[in-house]
Asker: 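Sharing a structure below in structure tokens format, with a few things to ask.
Below, chain A is the first sequence line, B the second, and so on; all start at residue 1.
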Protein chains: 2
Amino acid sequence: MSVLSIQEVSQKYAIKTDTIRYYERIGLMPPVPRKANGNRYFDEALQGWLEMLVCLRRSGISIEALHDYTEMVQAGDKTLMARQNLLEAQRTLLLEKQADLERSLKRLDHKISLYKSGEIRANKSYFEEYKIPETIQLENERKRQFKEKGSL
Amino acid sequence: MSVLSIQEVSQKYAIKTDTIRYYERIGLMPPVPRKANGNRYFDEALQGWLEMLVCLRRSGISIEALHDYTEMVQAGDKTLMARQNLLEAQRTLLLEKQADLERSLKRLDHKISLYKSGEIRANKSYFEEYKIPETIQLENERKRQFKEKGSL
DNA sequence: GCTTGACTTGGAGTGCACTTCAACCAATAT
DNA sequence: ATATTGGTTGAAGTGCACTCCAAGTCAAGC
């Protein structure tokens with residue numbers, strides 16, 4: 001339970017081994033410790049780190065932000081303030097995502113209710129039952145037509 | 001107000017003209033009507049459609065889903081049920097995203113509170129202040145060592 | 001001793017969603 | 001008349017985040 005292979009953490013956190021190695025390679029984790037034969041092992045601290053990564057990535061926090069954070073953690077206490085700022089910026093991004101999601105859910109729910117009530121068939125404009133309009137004349141073409149009429 | 005150029009809708013909905021043309025090309029919109037010179041114009045119905053696209057894309061609904069929906073709308077009333085199903089499936093996806101977001105926000109808020117309280121310096125395990133462990137021995141290597149000791 | 005299976009590496013390939021490009025045309029401003 | 005502005009096209013390029021691959025090592029089971 002306390003020390004796991006790459007395979008085991010992979011299953012525990014539903015993330016591919018390739019992705020874990022990729023994350024290490026690009027610096028989303030501190031260097032992962034190895035056994036004598038070179039195989040990675042994940043102690044509880046690293047498992048926690050990985051779980052956090054998976055959680056934050058799932059919600060759309062960028063690789064770049066996580067990379068920067070990781071670097072700063074490794075750089076030590078002098079980056080404490082910058083780390084806090086980074087986390088707060090990411091928090092703001094998530095709150096925006098949350099608002100977007102809320103808006104979309106409202107729209108989707110409304111739309112679904114129209115389907116359920118059968119109203120969608122009658123609802124010709126807006127998003128449903130779009131009718132392709134004819135080609136229209138240009139402003140100046142219309143002007144030209146008037147001119148021609150006037151000059152006739 | 002009622003009929004806009006590609007530039008104008010682009011500004012109205014904060015989406016690049018290139019993206020609008022791309023959306024049309026791949027079938028995320030019904031064919032956009034043209035003026036006599038070939039330029040696109042967007043009536044209110046199409047503007048509404050575009051607004052919906054932007055909203056749903058922002059929340060992460062896939063191009064593919066929107067494509068399928070668009071095709072079905074153009075195919076007519078026989079697809080009403082399938083459309084409703086598609087929308088409900090997308091709704092489920094958004095709810096999942098919402099849950100992920102909630103989880104991440106909780107974690108982020110917790111972490112930020114640790115930074116604010118100054119606790120993060122002391123919080124050695126878990127995600128912060130990760131210390132690289134030493135290389136550890138393999139199970140069988142340890143066994144072999146015991147064997148060697150035993151055979152001495 | 002040989003095969004199986006989990007691991008290692010660096011590098012190439014994939015999928016999605018744009019984004020940019022080059023070459024062109026049409027209308028307006030000087 | 002010419003330059004500028006704003007549109008058109010199809011094709012190629014970009015950026016992100018993986019994902020796969022080939023070639024190899026290592027330890028265990030038969």
Asker: Using a strict threshold of under 4.0 Å (side-chain N to carboxylate O), is an ion pair present between A:Glu119 and A:Lys111?
Answerer: no

Asker: Could you state the OH-P distance from A:Tyr13 to D:dC18, rounded to the nearest angstrom?
Answerer: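 Taking OH of A:Tyr13 and P of D:dC18, I get 18 Å after rounding.
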
Asker: If you only use heavy atoms from C-beta on, which nucleotide in C:dT19, C:dC18, D:dA17 is closest to the side chain of A:Tyr22?
Answerer: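 The answer is D:dA17.
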
Asker: Excluding sequence neighbours, so at least two apart, what forms salt bridge (Lys or Arg N to Asp or Glu O under 4.0 Å) with B:Asp18?
Answerer: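 Counting only residues at least two positions away or on another chain, B:Asp18 forms a salt bridge (Lys or Arg N to Asp or Glu O under 4.0 Å) with B:Arg21.
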
Asker: Partners of A:Asn85 by side chain to side chain contact (heavy atoms under 4.5 Å, CB included), sequence neighbours excluded?
Answerer: A:Met81, A:Glu88

Asker: Just how far, in rounded Å, is P of D:dT14 from NZ of B:Lys16?
Answerer: 15 Å

Asker: Check the distance between D:dC18's P and A:Ile26's CD1 and give it to me in whole angstrom.
Answerer: 8 Å

Asker: Under the side chain to side chain contact (heavy atoms under 4.5 Å, CB included) test, which residues partner A:Ala99, sequence neighbours left out?
Answerer: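 For A:Ala99, the residues satisfying side chain to side chain contact (heavy atoms under 4.5 Å, CB included) (neighbours in sequence not counted) are A:Arg103.
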
Asker: Verify the contact: side-chain N or O of B:Tyr23 to OP1 or OP2 of C:dA17, cut-off strictly under 4.0 Å; return yes or no.
Answerer: no

Asker: Just to verify, what does A:Ala82 make a side chain to side chain contact (heavy atoms under 4.5 Å, CB included) with, not counting sequence neighbours?
Answerer: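 With neighbours one apart ignored, the set is A:Met72.
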
Asker: Rounded off to whole Å, could you give me the CD-to-P distance for the A:Glu64 and D:dC18 pair?
Answerer: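 The answer, rounded to whole Å, is 14 Å.
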
Asker: Can you name the salt bridge (Lys or Arg N to Asp or Glu O under 4.0 Å) partners of A:Arg91, sequence neighbours left out?
Answerer: B:Asp109

Asker: Which residues pass the salt bridge (Lys or Arg N to Asp or Glu O under 4.0 Å) test with B:Arg40, not counting sequence neighbours?
Answerer: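 For B:Arg40, the residues satisfying salt bridge (Lys or Arg N to Asp or Glu O under 4.0 Å) (neighbours in sequence not counted) are B:Glu24.
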
Asker: Using the 3.5 Å cut-off, write out each protein N or O paired with an N or O of nucleotides 22-24 of chain C and the distance between them.
Answerer:
none

Asker: Just to confirm, is there a sub-4.0 Å distance from OP1 or OP2 of D:dA17 to any side-chain nitrogen or oxygen of A:Ser62?
Answerer: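 No, outside the criterion.
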
Asker: Please report, rounded to the nearest Å, how far the P atom of D:dC16 is from the CG atom of A:Asp68.
Answerer: 12 Å

Asker: Quick one, give me the B/S/- string for nucleotides 5-11 of chain C, reading 5' to 3', where B means a protein heavy atom under 4.0 Å from the base and S means that only happens at the primed atoms, P, OP1 or OP2.
Answerer: -SSBB--

Asker: Check whether any side-chain heavy atom of B:Ile20 sits under 4.5 Å from a side-chain heavy atom of B:Val32, and report yes or no.
Answerer: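 B:Ile20 does not reach B:Val32 side chain to side chain.
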
Asker: Separation of A:Leu66 atom CG from D:dC18 atom P, in whole Å?
Answerer: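 My rounded result for the distance is 10 Å.
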
Asker: Quick one: list whatever passes salt bridge (Lys or Arg N to Asp or Glu O under 4.0 Å) with A:Asp68, sequence neighbours left out.
Answerer: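 By the salt bridge (Lys or Arg N to Asp or Glu O under 4.0 Å) rule, A:Asp68 matches no residue at all.
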
Asker: How long is the line joining CD1 of A:Ile63 and C1' of D:dC18, in whole Å?
Answerer: 8 Å

